2 protein chains.
Amino acid sequence: MGYSIKTIAQKTGLSQYTLRYYEREGVLPEVSRDANGNRCFHDEDLELLSLIRCLKDTGMPIAEIKQFITLSREGREALSEQCKLLEAHKRQIEEKIQFFQSFAQKIDHKIAYFNSLEQEAKAEMK
Amino acid sequence: MGYSIKTIAQKTGLSQYTLRYYEREGVLPEVSRDANGNRCFHDEDLELLSLIRCLKDTGMPIAEIKQFITLSREGREALSEQCKLLEAHKRQIEEKIQFFQSFAQKIDHKIAYFNSLEQEAKAEMK
DNA sequence: GGTTGACTTACAGTTAGCTCTAAGGTCTAC
DNA sequence: GTAGACCTTAGAGCTAACTGTAAGTCAACC
């Protein structure tokens, strides 16, 4: 009835340490427990974890994710604020994409330049 | 007659601390000094710093940048290895772009979902 | 000639985000 | 009934990448 921390670690790719840390820090809302006091994750937790990963891996700091999650507990009154947070983050992701694309180009030019130097060096060897 | 560390900090947006740290760590090759022992940056340093920033901001760890810079000092023999490093990194950037794009989409869906919840809530208010 | 300001070094401190250890509880299988 | 696998908490430790401090050098101005 529900997933153990081990299972969730496997399913999410996060370590058990990290999962406990997230709960401690309020990044993940309190996970329910079984009769022995062991964590008992549910599908909603999995879903939330997937969103958390998405936010984290796109560069949102833990503290901000926590803020977002805290808003979740406030129900419908907080929805518009949550939306604002997500929208602001999405703009940041888009900026990063632009940034990365221009950097990929720059690196491309560097590679081309290095290759030309290499050709030159080979020509001199003859 | 070369730029002071303060000027370079302004030009690059990196702090003086960071610039010294980079030199100490070998991320930036040794900077030449004036008669008083003060750092005296040149345009080549600026150019290299621009590449370093590009690598760092696209997620290359300091240690790897150092490796790349160390190769620079080995001259033409190291060119192909440098190219390999850059090409590998470029692939990583491209993966990240893909990843970010899919995450941006996911966040979009979430925003749409939240908006629909909000509309619902408003409808109930009437 | 004293103070101000920019620089130097060596090294200690900070932050985020984990990651690990120690000490212990509980269940299952032999 | 004990070994092993699983879990728990509290709290210490780690890594990367800075960031700050202390003590000192040097040149320029009043």
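Because only heavy atoms are used, hydrogens play no part in the values below, and waters and symmetry mates are left out as well, while side chains stay in. Quick note on labels: first sequence line is chain A, next is B, and so on, each numbered from 1. Keep in mind the model is a prediction, meaning the values are calculated, not measured.
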Expressed as a whole number of angstroms, how long is the span from [X]:[atom1] to [N]:[atom2]?
X: A:Phe41; N: D:dT8; atom1: CZ; atom2: C1'; value: 13 Å
X: A:Asp34; N: D:dC6; atom1: CG; atom2: C1'; value: 11 Å
X: B:Glu23; N: D:dA17; atom1: CD; atom2: C1'; value: 17 Å
X: B:Tyr17; N: C:dT15; atom1: OH; atom2: P; value: 14 Å
X: B:Ile65; N: D:dA16; atom1: CD1; atom2: C1'; value: 12 Å
X: A:Ile5; N: D:dA5; atom1: CD1; atom2: C1'; value: 15 Å
X: B:Arg53; N: D:dA17; atom1: CZ; atom2: P; value: 14 Å

Please determine if a side-chain N or O atom of [X] lies less than 4.0 Å away from the OP1 or OP2 oxygen of [N].
X: A:Arg24; N: C:dT19; result: no
X: A:Asn38; N: C:dT26; result: no
X: B:Arg33; N: C:dT9; result: yes
X: B:Arg20; N: C:dC11; result: no
X: A:Thr18; N: C:dG17; result: no
X: A:Lys6; N: D:dA5; result: no
X: A:Ser15; N: C:dC18; result: no
X: B:Arg39; N: C:dT8; result: yes
X: A:Tyr22; N: C:dC18; result: yes

Any non-hydrogen side-chain atom of B:Val31 less than 4.5 Å from a side-chain atom of B:Cys40?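 Contact flag for B:Val31/B:Cys40 side chains = no.
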In the structure I gave you, are the side-chain heavy atoms of B:Tyr3 and B:Leu46 within less than 4.5 Å of one another anywhere?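 The answer is yes, as the side chains (C-beta and beyond) meet within the 4.5 Å cut-off.
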May I ask you to decide if B:Leu14's main-chain N or O and B:Thr18's side chain share a donor-acceptor pair within less than 3.5 Å?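 Such a contact is absent between B:Thr18 side chain and B:Leu14 backbone.
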Whether over 12 other heavy atoms sit under 6.0 Å from A:Glu25 CD: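 Enclosed.
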5′-ward residue of the pair A:Leu14/A:Asn36 relative to DNA chain C: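 Whichever sits nearer the 5' end wins; that is A:Leu14.
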Residue whose closest nucleotide on DNA chain C lies nearer the 5' end, A:Lys56 versus B:Gln16: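 Going by which nucleotide is closer to the 5' end, it is B:Gln16.
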Assign A:Glu25 to base, sugar-phosphate, or nothing according to its heavy-atom contacts below 4.0 angstrom with the strands shown.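 It contacts nothing in the nucleic acid.
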Donor-acceptor side-chain pairing of A:Lys106 and B:Ser50 below 3.5 angstrom: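 Yes.
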